[in-house]
Structure formats: structure tokens, C-alpha cells
Novice: 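Take this structure first; my questions come after.
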Amino acid sequence: MKSKIKKLFLKTYGCQMNVFDSERIEESLINFGIKKVYEEQNSDLIILNTCHIREKAAEKVYSELGRFRKLKQKNPKLKIGVIGCVAQAEGQEIIERSKIVDMVLGPQVYHKLPEIISKIESNEKVVDTDFPLEDKFEKLNLTKKDKRNSTAFLTIQEGCDKFCSFCVVPYTRGAERSRSPEVVIKEANELVNSGVKEITLLGQNVNAYNCLNEKNKSIDFTSLIKILCKLNDLKRLRFVTSHPRDMTENLINLFGQEEKLMPYLHLPIQSGSNQILKKMNRGHTVEYYLDIISKLKLIRPEIAISGDFIVGFPGETEEDFQKTLEICEIIKYSQAYSFKYSPRTGTPSFEMNDISEKVKSYRLSKLQETISIYQREFQKNLVGTVQDVLIEKLGKLSDQYIGRTPYMNPVVIESKNNQIGKILPVKICETNGLSLSGEHVI
Ligand code: 5AD
Ligand code: SF4
């Protein structure tokens with residue numbers, strides 16, 4: 001079945017899971033004669049794949065929709081869809097607030113898109129925020145790519161059962177579900193056969209992965225990593241995002257056993273104060289987190305640790321905040337993301353007393369200063385060393401290439417030859433605090 005709609009403009013917000021979903025949507029719609037375009041004015045279908053994690057991210061949707069009103073006036077045949085986490089959280093309300101929207105789809109129904117697109121073509125409005133049992137990716141009829149980039153994401157798990165008191169994910173992405181090991185292995189094989197050298201396994205709680213295989217044997221995250229590391233042409237494996245509660249001894253030990261598992265772990269702690277962690281319902285203490293990190297460092301001393309922090313959670317005192325700064329000093333994160341607490345409707349902490357914007361802003365800038373000290377220090381320590389760099393893409397200037405160290409730091413090198421997809425030994429010469437530059441050594 002071919003669609004009357006031919007040109008899709010798809011804009012993605014938020015996490016890597018959304019990026020992965022958007023790419024699969026584009027690959028599947030090719031089969032219906034719908035091609036991706038890069039300018040919204042040039043499209044007959046605009047889709048916003050949205051993020052609901054913080055208020056700012058969610059509000060962007062409505063300002064974008066405001067802009068599209070004019071486009072729709074000029075071209076009444078233009079169809080507009082809102083998908084992803086804002087769609088899941090707000091459903092029908094989006095159409096009521098913005099009449100130009102034709103479809104609202106939650107993250108678990110993308111396999112129904114062809115059918116839904118033909119409905120909106122005949123001017124029906126569609127809202128679908130179901131959580132069907134089937135694997136949406138398996139049901140999507142994807143166009144196989146002959147050649148891919150050197151790195152790729154692969155979603156293996158979705159949803160979250162942890163219910164941190166500030167977080168919308170358990171409501172927008174639903175309960176934890178893992179994709180079947182056979183399907184994951186098949187997709188990893190396809191990626192590797194089309195030139196991918198590094199796979200990053202994705203999941204909201206990726207290390208909670210657990211699924212029965214066809215022989216009814218339970219495959220946990222550690223077993224899955226071991227199987228994937230056996231793929232000959234796969235050179236590097238990473239995963240994101242992990243929860244401290246699911247960092248099993250086996251998983252920690254794997255960092256000392258599997259060379260392909262890169263020495264980098266994104267492990268959010270959110271706060272350095274036990275009082276706040278408790279209110280956040282994180283299910284772990286600072287001591288528990290530090291114990292994981294020291295075990296990891298014993299097994300793989302050079303491992304780079306990254307994390308997420310929230311400042312200004314309800315009830316966070318100056319003393320609690322100082323404890324967050326102390327954690328940064330102890331862990332010496334190679335990089336970290338930090339956010340001001342954003343109250344989200346429907347989450348337990350929404351009912352708690354929010355603290356002032358001024359205090360949040362002050363704490364955020366102080367925390368970011370501290371994080372950047374250790375990020376710079378991490379990069380400086382690499383200057384003078386030789387690192388294996390996987391070259392991912394061209395740089396801004398001619399003969400420039402950009403790749404990553406095993407620790408995820410971006411590195412710029414110069415070369416006259418096409419180096420994309422190669423893992424090169426690179427002597428790190430300089431750092432500007434954000435990225436490194438180096439020379440290919442033979
Ligand atoms: N406010 C601010 N930051 C949040 N995060 C999740 N929910 C909120 C919220 N309500 C942050 C957490 C999480 C990251 C993806 O986003 O740090 O790890
Ligand atoms: Fe949100 Fe907590 Fe689940 Fe992470 S672990 S997705 S912060 S509820």
C-alpha cells in the first residue's frame with residue numbers, strides 16, 4: 001500500500017531511545033513511499049517525537065506547534081503528528097489545545113503508523129496511547145541499509161519499574177520490558193554486517209535486562225553482553241542508562257573480562273545526600289553507590305564514570321547540596337549531566353514543596369563548575385597518551401575526522417585518507433576541555 005503522503009519531516013527531542021525510535025520510523029515508512037525531508041516547508045507530514053522528562057522539554061512541543069499553524073494555513077493538506085512521551089502523557093489534550101494536530105501516538109504503537117497515516121489522510125484524527133504486548137520494532141517493516149555508520153544504537157529494553165519520585169518515565173514508557181535475546185542478537189548481527197564497529201545497547205534501565213530465550217532459559221544482561229561480545233566484527237560494546245540497583249557483581253566483573261566492553265559507565269546517582277535519595281525513592285544510598293564504583297575501579301582501574309544529577313529537589317538543604325559536590329570530588333566524573341529539579345504532574349514529588357528558582361540556578365551553576373573541573377582533569381590526563389580512537393565522521397574542516405576514545409571523549413585528527421570506521425592509535429596532543437585533538441601514530 002502506497003501513501004499519498006510522500007515527504008516526512010521528523011524532529012526528535014530527548015534521549016537516545018527517541019533517536020532510535022525516530023530512525024526506525026523513517027526506515028519503516030520508506031516501504032510506504034514516504035521519504036525523509038530536511039525542511040518542514042517542504043513536507044506533507046510533520047512529526048514531533050517528544051520528551052516529557054522536564055517541563056522545558058515538554059513546553060517546546062507547543063511552541064513548535066504554534067509555528068506550524070502558519071504552514072498548515074498555507075498548505076491545508078499538511079498533516080501533523082505528535083508522538084513520544086508528551087503524546088503518551090497528554091493524549092487527547094494535545095488535540096484539544098492545538099487543533100492543527102492530526103495524530104497523537106505514544107511510544108509503543110509506532111508499528112501501527114502506516115495504518116494510522118492512511119486514517120489521517122482521510123481526515124480522521126487519531127489518538128493512540130496503548131501499551132500493546134508486541135515488540136514494536138519487530139512489527140515495523142524496516143528497510144535494510146547496506147551501509148551504516150561505524151557506531152549504532154540498539155534498544156534492548158524499555159520502560160522502568162523504579163518509580164523515582166520525580167520521574168515521568170514509568171508513566172510515559174510503561175513497565176520494564178526486555179526484547180527477546182534472539183531478536184537482539186539478530187539485529188546486532190545485521191548492524192555488524194553492514195559495517196557497524198560499535199554498538200551502544202539502549203534502555204531506560206538497560207542493566208535490568210532479563211528475558212526468556214526460545215528455550216525458556218532466562219538471559220540476563222550479563223549473559224547477553226557475553227553473547228554479543230562473541231560477534232567477530234563487533235569491536236566495541238557500550239550500554240546506557242544503568243541503575244545502581246541493577247549493577248550485579250557479575251556485571252561489575254564483566255568489565256574485567258570482556259575487552260570489547262568499553263571502560264565507560266553512565267551511572268546516575270542524582271544526589272549525594274542520603275536524605276534526598278530517600279525522598280527521591282532511588283532505592284540506594286550514597287555508600288551503596290560508592291561501593292559499586294570502588295569495585296569497578298578495582299577491576300578496571302582506568303574506567304571513566306559519568307552520571308546524572310538533579311539539584312533543588314524539594315527539601316534539599318545547602319548541606320545536602322554540599323554532599324552532592326563532595327560526591328563529584330570523590331568520583332571525579334569524566335563527564336556528567338546536571339539538571340534543575342522540574343516538578344512533573346502525576347509524579348509523587350509534584351506534591352512536595354518546590355524550592356526557589358534562584359537557589360536552583362545557583363546550585364546548578366556551582367555543580368556544573370565542579371563537574372567541569374573533573375572533566376577537564378580527565379581530559380588533561382589523556383594528553384601525551386596513545387588512545388585507540390574509533391573514527392565516526394568528518395570534522396568541520398577539510399581532512400578532519402572525529403572519533404572517540406574508549407572513554408567516550410571526542411577526538412579530532414587530521415588525515416588525507418578516509419578513516420571512517422577505523423580504530424586508529426592516536427597520540428593525544430591537546431585538550432580544550434570539551435574535546436581532544438591528536439595525531440594518528442603508526
Ligand atoms: N526534573 C529534573 N531532572 C529530571 N530527570 C528526570 N526527571 C527529572 C525531573 N523531574 C533527570 C534525571 C535523569 C535524567 C534523564 O533526567 O537526572 O537521570
Ligand atoms: Fe526515571 Fe528513576 Fe526509572 Fe531512571 S530509574 S527512568 S530516573 S524512574
Side-chain angles (χ1 to χ4, degrees), residues 12-20 50-60 84-86 88-89 107 155-178 202-209 221 239-247 265-273 276-285 288-289 292 305-316 320-321 324 327-328 331 333 335-357 359-361 363-364 367-368 371:
T12 309
Y13 299 88
C15 65
Q16 286 142 341
M17 311 271 297
N18 268 9
V19 174
F20 185 82
T50 60
C51 170
H52 198 244
I53 200 101
R54 284 167 290 274
E55 193 181 356
K56 253 195 196 157
E59 276 307 314
K60 271 191 199 141
C85 295
V86 176
Q88 186 66 44
T155 295
I156 64 164
Q157 183 277 340
E158 270 190 85
C160 182
D161 295 341
K162 302 290 188 288
F163 290 94
C164 297
S165 61
F166 52 81
C167 185
V168 292
V169 168
Y171 315 99
T172 55
R173 289 271 171 173
E176 279 174 13
R177 292 170 314 285
S178 298
L202 295 181
Q204 261 100 25
N205 249 290
V206 74
N207 57 340
Y209 178 91
F221 190 51
F239 54 86
V240 71
T241 290
S242 300
H243 194 288
R245 263 159 66 188
D246 294 312
M247 285 303 299
L265 179 69
H266 181 69
L267 194 67
I269 185 169
Q270 313 295 357
S271 165
S273 154
I276 295 296
L277 288 178
K278 195 154 186 227
K279 280 179 116 183
M280 286 178 163
N281 193 32
R282 287 286 295 173
H284 65 82
T285 58
Y288 181 86
Y289 182 92
I292 297 170
I305 307 295
S306 137
D308 290 349
F309 291 96
I310 295 177
V311 296
F313 186 80
E316 185 189 67
D320 292 320
F321 175 63
T324 296
I327 280 295
C328 292
I331 306 283
Y333 289 95
Q335 62 158 74
Y337 304 93
S338 47
F339 312 98
K340 285 184 210 170
Y341 168 69
S342 167
R344 310 302 290 129
T345 328
T347 60
S349 66
F350 187 73
E351 306 300 328
M352 302 175 192
N353 278 340
D354 199 8
I355 71 173
S356 85
E357 188 56 31
V359 171
K360 284 188 198 172
S361 296
R363 289 184 186 164
L364 185 68
L367 176 59
Q368 289 182 340
I371 290 169

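Residues: numbered from 1 along the sequence shown. None of these values were measured; they are calculated from a predicted model. Each ligand, and each atom within it, is numbered from 1 in the order the structure gives.
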Novice: Looking only at protein heavy atoms, which one is nearest to atom 5 (S) of ligand 2, and how far off is it?
Specialist: His243 CD2, 3.4 Å
Novice: Can you sort out which atoms of ligand 2 are near Lys162, meaning under 4.0 Å from one of its heavy atoms?
Specialist: 5 (S)
Novice: Within a strict 4.5 Å, meaning less than it, do heavy atoms of the Tyr341 and Ser349 side chains meet?
Specialist: yes
Novice: Applying side-chain contact (heavy atoms from CB on, under 4.5 Å), run through Arg245 and Lys162 and close with a yes or a no.
Specialist: CA-CA 9 Å; Arg245 263 159 66 188; Lys162 302 290 188 288; 3.8 Å; yes
Novice: Answer side chain, backbone, both or neither: which part of Cys160 comes under 4.0 Å from ligand 2, heavy atoms only.
Specialist: side chain
Novice: Using a strict cut-off of less than 4.0 Å between a Lys/Arg side-chain nitrogen and an Asp/Glu carboxylate oxygen, indicate whether Lys279 and Glu316 qualify as a salt bridge.
Specialist: no
Novice: Is the gap between the ring centers of Tyr333 and Phe309 under 6.0 Å?
Specialist: yes
Novice: Hey, looking at atom 6 (S) of ligand 2, which of Val169, Asn281, Thr347, Asp161 has the closest heavy atom?
Specialist: Val169
Novice: So for atom CD, which belongs to Glu59, do other residues, nucleotides or ligands contribute more than 12 heavy atoms lying within a distance under 6.0 Å?
Specialist: yes
Novice: Give a yes or no answer on whether the side chain of Gln204 reaches the backbone of Gly159 with a donor-acceptor pair at less than 3.5 Å.
Specialist: yes
Novice: Identify, by atom number and element, the atoms of ligand 2 in contact range of Asn205, meaning under 4.0 Å from any of its heavy atoms.
Specialist: 3 (Fe), 5 (S)
Novice: Would you find a donor on one side and an acceptor on the other, under 3.5 Å apart, between the side chain of Asn18 and the backbone of Tyr13?
Specialist: yes
Novice: Drop me the distance from Ile310's CD1 to Leu367's CG, to the nearest 0.5 angstrom.
Specialist: 11.5 Å
Novice: Using a strict 4.0 Å cut-off to heavy atoms of Phe166, name the atoms of ligand 2 that fall inside it.
Specialist: 7 (S)
Novice: Compute the centroid of each ring, for Phe239 and then for Tyr209, and state whether the two points are separated by less than 6.0 Å.
Specialist: no
Novice: Which protein non-hydrogen atom lies closest to atom 8 (S) of ligand 2, naming both residue and atom, and how far is it?
Specialist: Cys164 N, 3.3 Å
Novice: Tell me, please, if Cys167 has any N/O/S atom, main chain or side chain, under 2.8 Å from atom 1 (Fe) of ligand 2?
Specialist: yes
Novice: Heavy-atom distances under 4.0 Å decide this one: backbone, side chain, both or neither, for Val168 against ligand 2?
Specialist: neither
Novice: Please classify the Pro170 to ligand 2 contact at 4.0 Å (heavy-atom distances, strictly less than): side chain, backbone, both or neither.
Specialist: side chain
Novice: I'd like to know whether ligand 2 has Arg282 as a neighbour, heavy-atom separation below 4.0 Å.
Specialist: yes
Novice: Under 6.0 Å between ring centres, would you say that holds for Tyr171 and Phe163?
Specialist: yes
Novice: What does the list of residues with a heavy atom under 4.0 Å from ligand 1 look like, ordered by chain and number?
Specialist: Ile53, Arg54, Phe166, Gln270, Asp308, Ile310, Phe339, Lys340, Tyr341, Ser342, Arg344
Novice: Check the pair His243, Arg282 against side-chain contact (heavy atoms from CB on, under 4.5 Å), reporting the backbone distance first and the verdict last.
Specialist: CA-CA 9 Å; His243 194 288; Arg282 287 286 295 173; 3.7 Å; yes
